[in-house]
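Contents: one structure, followed by commentary.
Reminder, nothing fancy here: chain letters follow the sequence lines and each chain counts from 1. Both backbone and side-chain heavy atoms feed into the values below; hydrogens, waters and symmetry mates do not.
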Number of protein chains: 2
Amino acid sequence: MIAPMDARRMDDRQGSIRKGRKFDQVLDGARTIFLRDGFEGASVDDIAREAGVSKATLYAYFPDKRLLFMEVAKGECARQADEALQVLDLTAPPEVVLRGAAERIVAFLSSDFGQKMFRICVAESDRFPALGQEFYQSGPLLVRERLADYLRLAVGRGELAIDDIDLAADQFAELCKADLHARLIFGIAAEATARDARRTIDGAVEMFMARYGMAARKLA
Amino acid sequence: MIAPMDARRMDDRQGSIRKGRKFDQVLDGARTIFLRDGFEGASVDDIAREAGVSKATLYAYFPDKRLLFMEVAKGECARQADEALQVLDLTAPPEVVLRGAAERIVAFLSSDFGQKMFRICVAESDRFPALGQEFYQSGPLLVRERLADYLRLAVGRGELAIDDIDLAADQFAELCKADLHARLIFGIAAEATARDARRTIDGAVEMFMARYGMAARKLA
DNA sequence: CCAAATCTAAACCGATTGGTTCAGATTACA
DNA sequence: TGTAATCTGAACCAATCGGTTTAGATTTGG
């Protein structure tokens with residue numbers, strides 16, 4: 001039951017709203033409960049209990065439930081994005097880079113955190129617009145931008161032929177969901193088997209290369 | 001304020017649980033409120049008021065809120081699916097058939113109903129598993145099956161070359177979401193412009209044909 | 001026209017919620 | 001040490017919720 005709060009004691013404490021010493025406890029507890037029960041489903045009392053903090057303290061840090069959730073979501077998405085899209089050798093052939101990217105995307109979609117956060121943000125994003133936008137920007141949009149950066153690189157190298165880079169990036173990300181995402185999100189499958197993942201990833205890479213690889217250009 | 005309840009007075013009244021004359025009123029009211037407020041967000045009192053019916057009557061038809069929502073979702077999804085995937089000339093060239101299918105898929109994703117139902121089902125599908133499964137079966141799965149049927153046809157005709165038909169169908173459906181679905185779902189864009197829709201649809205058809213069209217086979 | 005089926009309105013229940021308040025304990029800091 | 005900041009715990013609030021009950025009105029069909 002010991003929360004892993006290692007290297008984040010005095011880092012991102014810029015213009016935030018914290019005042020005291022139990023800031024991290026609150027955030028950790030909130031993350032646990034929100035991920036377990038969703039946004040509406042999570043009660044503030046539960047969060048305070050899990051955090052080992054009085055409700056008064058919690059409300060001293062975060063003026064309301066939404067702000068608290070936003071903070072949790074923001075931090076966690078940034079963390080996931082950082083540690084996911086780091087170690088990719090962008091000089092490798094497109095098939096290799098794309099496969100690596102696909103593996104990371106699939107891993108995120110399949111993860112417990114990815115699924116629950118997606119669910120919550122989708123659910124709440126019309127009565128709570130700021131949340132949807134925040135998630136979109138630090139999720140799908142970020143992935144698209146990184147992918148687009150690489151695609152531009154590969155096009156410059158003559159490895160790929162793409163006119164609408166943004167569209168291509170979105171298409172690839174979307175292909176990585178095929179058959180997997182819906183089954184997970186709607187609870188048809190509890191988790192993605194390695195076989196399913198491989199099938200989707202292979203399919204995505206092959207399709208992308210068929211469309212944008214240089215081999216196809218011989219026909220044009 | 002007159003609900004359009006035309007040709008469904010004495011049709012699907014098989015083994016259901018109705019007893020009286022205000023069945024349709026309840027369902028119509030429930031649909032309105034559920035679509036406006038979501039599942040958790042909708043209060044049974046609101047539904048009864050909108051339906052012009054007492055709460056006691058409502059509970060005489062539907063033992064609880066979930067059953068009521070399931071009935072609404074089931075009926076509405078079936079209706080949408082029927083009227084959407086009907087008028088397609090399957091003998092036309094693949095580019096044409098696929099474009100037609102893509103247009104319908106995009107239209108559904110962009111529709112108010114499509115968005116709200118998706119949101120609700122995603123949100124509720126882990127604390128309410130039957131709902132997620134019901135939606136998956138009468139939504140994504142149904143689309144995939146119809147698409148797969150057509151693809152098999154086209155492959156038999158020698159117009160396409162596909163080994164994993166189910167995967168191809170999923171890929172196509174997924175490509176139709178590129179850049180559109182996320183922006184709508186997370187409230188970045190209020191609605192899809194005709195230009196955006198065309199871009200996504202063209203992109204999906206071109207990519208699919210590049211991968212599975214007969215032209216590509218010349219290389220293998 | 002009467003009796004059975006259906007519907008109504010409103011009161012009611014127990015539970016839960018997000019959020020507030022406050023007197024007093026604990027901590028940090030100088 | 002002393003004082004200011006921080007934290008506690010529990011009581012409290014108003015509101016909302018899904019669902020039940022009941023006594024009586026309305027409709028239906030024979």
[N] [atom2] sits how many Å from [X] [atom1], rounded?
| X | N | atom1 | atom2 | answer |
| --- | --- | --- | --- | --- |
| A:D37 | C:dT17 | CG | C1' | 14 Å |
| B:F69 | D:dG19 | CZ | P | 15 Å |
| A:I47 | D:dG9 | CD1 | C1' | 18 Å |
| B:R49 | C:dC7 | CZ | P | 20 Å |

Output field: ring centroids A:F39/A:F128 closer than 6.0 Å: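 Yes: the rings meet the under 6.0 Å criterion.
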
What residues, two or more places apart in sequence or in another chain, satisfy ring pair (Phe, Tyr, Trp, His ring centres under 6.0 Å) together with [X]?
| X | answer |
| --- | --- |
| A:Y136 | none |
| B:Y150 | none |
| B:F135 | A:F186 |
| B:F208 | B:F172, B:Y212 |

Under the salt bridge (Lys or Arg N to Asp or Glu O under 4.0 Å) test, which residues partner A:R66, sequence neighbours left out?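 None.
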
Salt bridge (Lys or Arg N to Asp or Glu O under 4.0 Å) with A:D64: which residues, sequence neighbours excluded?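 Partners of A:D64 under the salt bridge (Lys or Arg N to Asp or Glu O under 4.0 Å) test: none.
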
Report each atom pair, protein N/O against N/O of nucleotides 15-18 of chain D, whose distance is under 3.5 angstrom.
residue	atom	partner	partner atom	Å
D:dG18	OP1	B:A42	O	3.0
D:dG18	OP1	B:K65	NZ	2.5
D:dG18	OP2	B:V44	N	2.9

A:D112: which residues meet the side-chain hydrogen bond (donor to acceptor under 3.5 Å, both in side chains) condition with it, sequence neighbours left out?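 Once residues adjacent in sequence are excluded, A:D112 has no partner under the side-chain hydrogen bond (donor to acceptor under 3.5 Å, both in side chains) criterion.
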
B:R127: side-chain hydrogen bond (donor to acceptor under 3.5 Å, both in side chains) partners, not counting sequence neighbours: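 side-chain hydrogen bond (donor to acceptor under 3.5 Å, both in side chains) list for B:R127, sorted by chain: empty.
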
side-chain N/O [X] vs [N] OP1/OP2, d < 4.0 Å:
| X | N | value |
| --- | --- | --- |
| B:Y61 | C:dT6 | no |
| A:T57 | D:dT8 | yes |
| B:K22 | D:dT27 | no |

Between A:R183 and A:D196, is any pair of side-chain heavy atoms under 4.5 Å apart?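 Side chain of A:R183 against side chain of A:D196, heavy atoms only: contact under 4.5 Å found.
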
If an axis is fit to five pairs at each end of the helix from C:dC1-D:dG30 to C:dA30-D:dT1, what is the angle between the two, to the nearest 10°?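 Here the local axes at opposite ends form an angle of 20°.
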
Within the 4.0 Å limit for protein heavy atoms, which parts of nucleotides 23-30 of chain C are touched? Write it as a string from 5' to 3', B for base, S for sugar-phosphate only, - for none. ----SS--

Show me the pairs that pass side chain to side chain donor-acceptor pair (under 3.5 Å) and involve residues 114-123 of chain A, at least two apart or across chains.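 Every side chain to side chain donor-acceptor pair (under 3.5 Å) pair that includes a residue of residues 114-123 of chain A, provided the two are not neighbours, is A:R119-B:S125.
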
